[in-house]
Protein chains: 2
Amino acid sequence: MSQSAYLTAYEAIRDQILNGEIPRGQKLTEDKLASELGVSRTPVREAIRKLEEEGLIKKKKVVNPSETDLRNIFHVRSLLEGDAARSAAEYLSEEKLIRLKECVKIGRNGTVDEIMAANKDFHEIIVQSSNNPFMADVIERMNSIIYLFRKTVVYHNRPFLIDEHEKIYDAILKHQPDQAEELMKKHLRADLEFCLRFIRVE
Amino acid sequence: MSQSAYLTAYEAIRDQILNGEIPRGQKLTEDKLASELGVSRTPVREAIRKLEEEGLIKKKKVVNPSETDLRNIFHVRSLLEGDAARSAAEYLSEEKLIRLKECVKIGRNGTVDEIMAANKDFHEIIVQSSNNPFMADVIERMNSIIYLFRKTVVYHNRPFLIDEHEKIYDAILKHQPDQAEELMKKHLRADLEFCLRFIRVE
DNA sequence: AAATTTAAAATTGTATACATTTTATGATTT
DNA sequence: AAATCATAAAATGTATACAATTTTAAATTT
């Protein structure tokens, strides 16, 4: 194996949580995971710690975020990504504009997996446009939770998802910062509300 | 010793960095720290990892943040604390308003240490008013860097520091959310610019 | 039967040993 | 002398052992 045991453990545990193989609320024990993954406790320990930072695990248990938790996380995400969209509207390279448009296109015609990836890219391109690696880092730390949501909206075909992306793209293209920020915030709010209804029903 | 070795190590290393006992840019080695602190490498390892998350250490070296880094961090802080100030202006309990005012008062009459503490409290009360523990968490993770700055502005008597606090307090008291947000952002920008000039000169 | 206590098992925290990788040093070549 | 390579030293990653703590379950008391 070329990868470090720590990374292997981190990815395996994260994926198992996100896929639902490890159910919400379940307590994780280092020993069990270690033998399952064929590594020792040390790297598992570090992996768990990292997942705790990311908010996927809390007190050794897989989190079961409440509605309030999700609203709180999305509020922060809105502030940051809203600001990033504003930056993008102020300036975005030709090349990134093209990639952004490509994401919209795939969003309309791609397979589910392609749409998942395009959705991720769309937001990442905008975040990176802020040229603020620290901000990107903070958002990166919400990634696991964001992934859960992205899965919900894509797999359940949230209405207007791609239309909203296109509108945001237009605002960025036309250099309308206020517009872009407002649209991004609305977009994320719509994601949140859709997911909340869904998670409650499921 | 009642505290865990991990916490002991974390606090000791953090304090040594913030006090300048461990200079910027210095490489940290687990072994050396472990024997200095009288614990084994394991808890030191975990402490370093946590400090890396907080941004005080990067790639085992004590960070020497560039001007750009500091601007980036403060940009994020502004977005979040600006929003928190807005929340506070919408509603803040009687008790917290009193504590906020007290912070302003100490800012004018207290000793340096008291001012340091009051300054910290002032911002913390406002952040907590947002009722968003997740946001508080994100800000908490910037704490070490923020502490460095607070030290600079307080110890070097930045002009208008307390005046700005008072204006923010007034806006919150009078329920002026836009005002409060704008003033908070200006306040943080002023902190940043003051510190940048200082750090370059020093 | 419910509550309390006690013993055990399980789990985590810490130390240590060993393996692997990285870094520094100095010898050798050009 | 500069560059390249080989070797040693240092540091990190990982595994394992043991200690301390927490959890669980059973036994005892009320």
Side-chain angles (χ1 to χ4, degrees), chain A residues 1-18 20-65 133 137 140-141 143-144, chain B residues 1-65 137 140-141 143-144:
Chain A
M1 188 160 329
S2 60
Q3 238 187 172
S4 71
Y6 154 68
L7 242 188
T8 307
Y10 165 73
E11 289 176 354
I13 298 170
R14 183 198 57 191
D15 291 351
Q16 283 181 33
I17 293 175
L18 295 178
E21 287 171 53
I22 302 178
R24 311 264 179 102
Q26 173 143 336
K27 175 143 187 231
L28 300 175
T29 70
E30 297 172 3
D31 229 355
K32 222 172 126 211
L33 286 169
S35 49
E36 269 174 36
L37 302 172
V39 299
S40 83
R41 267 179 59 213
T42 313
V44 169
R45 229 180 132 67
E46 303 195 341
I48 288 178
R49 197 172 267 280
K50 176 154 169 91
L51 289 164
E52 274 180 336
E53 288 147 36
E54 287 186 10
L56 258 199
I57 295 177
K58 218 157 239 171
K59 288 229 11 132
K60 311 275 162 183
K61 284 188 186 162
V62 176
V63 292
N64 202 348
D137 232 66
E140 164 74 28
R141 248 180 248 137
N143 225 14
S144 297
Chain B
M1 186 155 336
S2 60
Q3 240 187 167
S4 72
Y6 153 67
L7 242 189
T8 307
Y10 166 72
E11 289 176 354
I13 298 169
R14 183 198 57 191
D15 291 351
Q16 283 180 33
I17 293 175
L18 295 178
N19 294 334
E21 288 171 53
I22 302 177
R24 311 265 180 102
Q26 172 142 336
K27 176 145 187 229
L28 300 176
T29 70
E30 298 172 2
D31 232 353
K32 222 173 123 210
L33 286 169
S35 50
E36 269 175 36
L37 301 171
V39 299
S40 83
R41 267 179 58 213
T42 313
V44 168
R45 231 180 130 67
E46 303 195 341
I48 287 178
R49 196 172 268 282
K50 176 154 169 92
L51 289 164
E52 274 181 335
E53 290 146 34
E54 287 186 11
L56 258 201
I57 296 177
K58 219 158 240 172
K59 288 233 5 135
K60 310 276 162 184
K61 283 189 187 160
V62 176
V63 292
N64 203 347
D137 233 65
E140 164 73 29
R141 250 180 245 138
N143 225 17
S144 298

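Quick note on labels: first sequence line is chain A, next is B, and so on, each numbered from 1.
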What is the separation between atom NZ on B:Lys61 and atom C1' on D:dT12, rounded to the nearest whole Å?
15 Å
Can you give one letter per nucleotide of nucleotides 13-23 of chain D, going 5' to 3': B for a protein heavy atom under 4.0 Å from the base, S for sugar-phosphate only, - for none?
BBBBB------
Of all residues at least two apart in sequence or in a different chain, which pass the side-chain hydrogen bond (donor to acceptor under 3.5 Å, both in side chains) check with A:Gln16?
none
Restricting to pairs with a member in residues 13-29 of chain B, which pass salt bridge (Lys or Arg N to Asp or Glu O under 4.0 Å), not counting sequence neighbours?
none
Just call it for A:Leu28: base, sugar-phosphate, or nothing, with non-hydrogen atoms closer than 4.0 Å on any strand.
sugar-phosphate
Could you pull out all residues at least two apart from A:Asp137 that satisfy salt bridge (Lys or Arg N to Asp or Glu O under 4.0 Å)?
A:Arg141
Given atom CG of B:Asp31 and atom P of D:dA9, what is their separation to the nearest angstrom?
16 Å
Residue set satisfying side chain to side chain contact (heavy atoms under 4.5 Å, CB included) with B:Val63, at least two apart, ordered chain then number -> B:Lys58, B:Pro65
In short, salt bridge (Lys or Arg N to Asp or Glu O under 4.0 Å) pairs touching residues 38-49 of chain B with sequence neighbours left out are A:Arg45-B:Glu46, A:Glu46-B:Arg45, A:Glu46-B:Arg49, A:Arg49-B:Glu46, B:Glu30-B:Arg41, B:Glu30-B:Arg45
